[in-house]
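This report refers to the structure that appears directly beneath it.
Here the structure is a predicted model, which is why all the values come from computation and not from measurement. For ligands, and for the atoms within them, numbers begin at 1 and follow the listed sequence. FYI, side chains are in, hydrogens and waters are out, and symmetry mates aren't considered; it's all heavy atoms of this structure.
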Amino acid sequence: MRTVHVRATSKEYDVLIGKDAVKELGSEAKKLCPGALKVLIVSETNVASLYLEKVESQLKEAGFETHSYVFEAGEKSKNINEIAGMWNKMAEAGFTRTDFVAGLGGGVTTDMAGFAAATFLRGIKVIQIPTSLLAMVDASVGGKTGIDIPMGKNQVGAFWQPSVVIEDVSFLKTLPDEVFTEGMGEVTKHAFIMDTELLEKLEKCAGNIREDEDVLEEIVAMNVADKASVVSEDENDNGRRQTLNFGHTVGHVIERDSGFTKPHGICVAKGMGIIIDACVREGSLKAEDAKRMKDLLKLYGLPSDDEITPEEIIAGAMNDKKKRGNTISVILVNKIGNAEIRKMTKEEFLKFLSV
Ligand code: GLY
């Protein structure tokens with residue numbers, strides 16, 4: 001078992017990573033949620049059929065009264081109606097401020113469980129139990145919670161740090177290949193913006209990190225350590241944390257324009273590819289670095305291009321959360337392992353994408 005500690009300003013907590021890490025759930029919950037009697041396990045249909053019983057029994061054995069809220073799997077469920085369903089379930093069951101929520105699932109689930117916890121009774125504790133690669137390396141760590149609205153992804157939410165994150169890498173065995181590949185979008189992002197050691201390791205694994213659970217555990221832990229270091233420095237996304245948005249400004253537009261049918265990690269990979277190409281064209285990134293990054297995306301089955309036009313990107317990006325006043329912070333990589341935050345006006349961003 002590996003432990004990565006997150007030192008966010010509002011809260012410090014551990015991320016436990018390992019095979020059978022879920023066995024720690026009961027004792028962690030007892031330790032971290034003193035006075036809790038009840039827990040709402042938030043999950044979705046696919047994950048619940050595989051792991052809900054296991055998680056429920058861990059929490060029951062630890063003495064908690066368990067309730068569950070299971071929503072239809074998919075990004076389409078990431079809306080206020082489902083959150084209201086969670087609030088109502090907790091209110092009807094008589095939850096108090098010492099009770100807690102457990103998010104069991106991928107990024108959609110951990111974002112929604114966190115948001116329900118952040119808002120119910122003005123905030124109760126949440127334990128995150130991510131089951132997808134994307135949620136393990138990114139979504140469940142760092143306290144970003146929320147929902148989508150028709151105008152954009154994650155447009156409503158709160159920063160709400162978990163009490164602990166339990167990452168059982170054995171859960172990844174049942175993850176469909178395409179969902180695992182999607183998670184690699186965020187893994188490669190960490191390598192590109194801040195971690196050359198991770199990049200080299202991924203290259204060495206030649207496109208397959210699933211075969212060996214020890215390697216997988218190590219790679220997940222490297223990513224969590226990367227994320228933890230960024231969040232510990234800038235919890236509220238005012239500085240360095242914005243570098244984690246590499247590929248996201250463009251990726252979110254592609255994702256939203258598809259009606260949230262294209263997977264997030266795939267759209268991020270496309271967004272990274274589009275920005276990488278633009279950096280090479282403007283001369284801020286060497287062609288050989290760009291090739292190495294795009295080769296890595298390909299090695300892990302990820303795309304690096306899309307038919308979206310610069311005009312469509314601009315139209316969609318201008319209501320992005322990364323916009324401040326009339327400028328948007330675009331994340332560039334000017335050298336492997338080194339990200340730059342560049343503020344651009346709409347016109348500058350269009351020119352950057354079009355040259
Ligand atoms: N997923 C980007 C962040 O947590 O800031």
Side-chain angles (χ1 to χ4, degrees), residues 4-13 15 75 78 103 105-115 117-118 126 128 130 132-148 152-162 165 167 179 182-195 198 220 222-256 260 263-272 275 302 317 320-324 328-333 339-341:
V4 176
H5 193 65
V6 184
R7 278 177 219 284
T9 316
S10 67
K11 188 171 191 156
E12 293 199 13
Y13 55 95
V15 182
E75 186 82 24
K78 200 174 171 186
V108 170
T109 307
T110 56
D111 277 14
M112 288 213 289
F115 188 49
V126 62
Q128 298 289 19
S132 73
L133 180 63
L134 188 143
M136 286 185 189
V137 300
D138 186 24
S140 68
V141 179
K144 279 191 182 174
T145 73
I147 51 167
D148 304 332
K153 193 178 159 68
N154 297 335
Q155 292 269 306
V156 176
F159 287 101
W160 194 250
Q161 301 294 340
V165 184
E167 307 204 343
V179 184
E182 190 204 346
M184 288 306 298
E186 301 289 358
V187 171
T188 50
K189 177 196 77 180
H190 288 148
F192 298 160
I193 63 167
M194 64 186 291
D195 195 341
L198 174 62
V220 169
M222 286 172 93
N223 278 274
V224 172
D226 286 341
K227 177 102 194 234
S229 87
V230 175
V231 170
S232 301
E233 194 180 308
D234 173 30
E235 178 179 3
N236 291 328
D237 216 2
N238 294 317
R240 189 177 169 214
R241 187 163 184 173
Q242 291 176 30
T243 61
L244 296 175
N245 289 327
F246 180 49
H248 285 61
T249 302
V250 176
H252 278 170
V253 181
I254 299 172
E255 194 178 351
R256 197 204 60 188
F260 297 113
H264 175 70
I266 300 296
C267 296
V268 167
K270 287 170 174 242
M272 291 193 290
I275 296 290
L302 290 160
D320 196 281
K321 293 188 300 311
K322 291 166 276 302
K323 192 168 171 238
R324 304 275 192 278
I328 185 158
S329 295
V330 181
I331 312 307
L332 315 177
V333 167
E340 175 197 339
I341 306 171

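When all heavy atoms are compared, the tightest approach of Asn223 to Val187 is OD1-CA, 3.4 Å. Glu235 and Ser10 get closest at one heavy-atom pair: OE2-OG, 2.6 Å.
Of all the atoms in ligand 1, the ones that sit under 4.0 Å from a non-hydrogen atom of Leu244 are 2 (C), 3 (C), 5 (O). For ligand 1, the atoms lying closer than 4.0 Å to a non-hydrogen atom of Asp138 are 1 (N), 2 (C), 4 (O). Of all atoms in ligand 1, listed by their number and element, those nearer than 4.0 Å to a heavy atom of Lys227 are 1 (N), 3 (C), 4 (O).
Residues Glu167 and Ser140 form a side-chain contact, since some pair of their non-hydrogen atoms from C-beta on lies under 4.5 Å apart.
Ring orientation note: the planes of His252 and His264 are tilted relative to one another, at an angle of 30° to 60°.
The pair Glu233-Arg241 fails the salt-bridge criterion, with no side-chain N (NZ, NE, NH1 or NH2) lying under 4.0 Å from an Asp/Glu carboxylate O.
Considering backbone and side-chain N/O atoms, Arg241 comes within less than 3.5 Å of an N/O atom of ligand 1. For a threshold of 3.5 Å applied to N or O pairs, the pair formed by Lys144 and ligand 1 contains at least one separation below that value.
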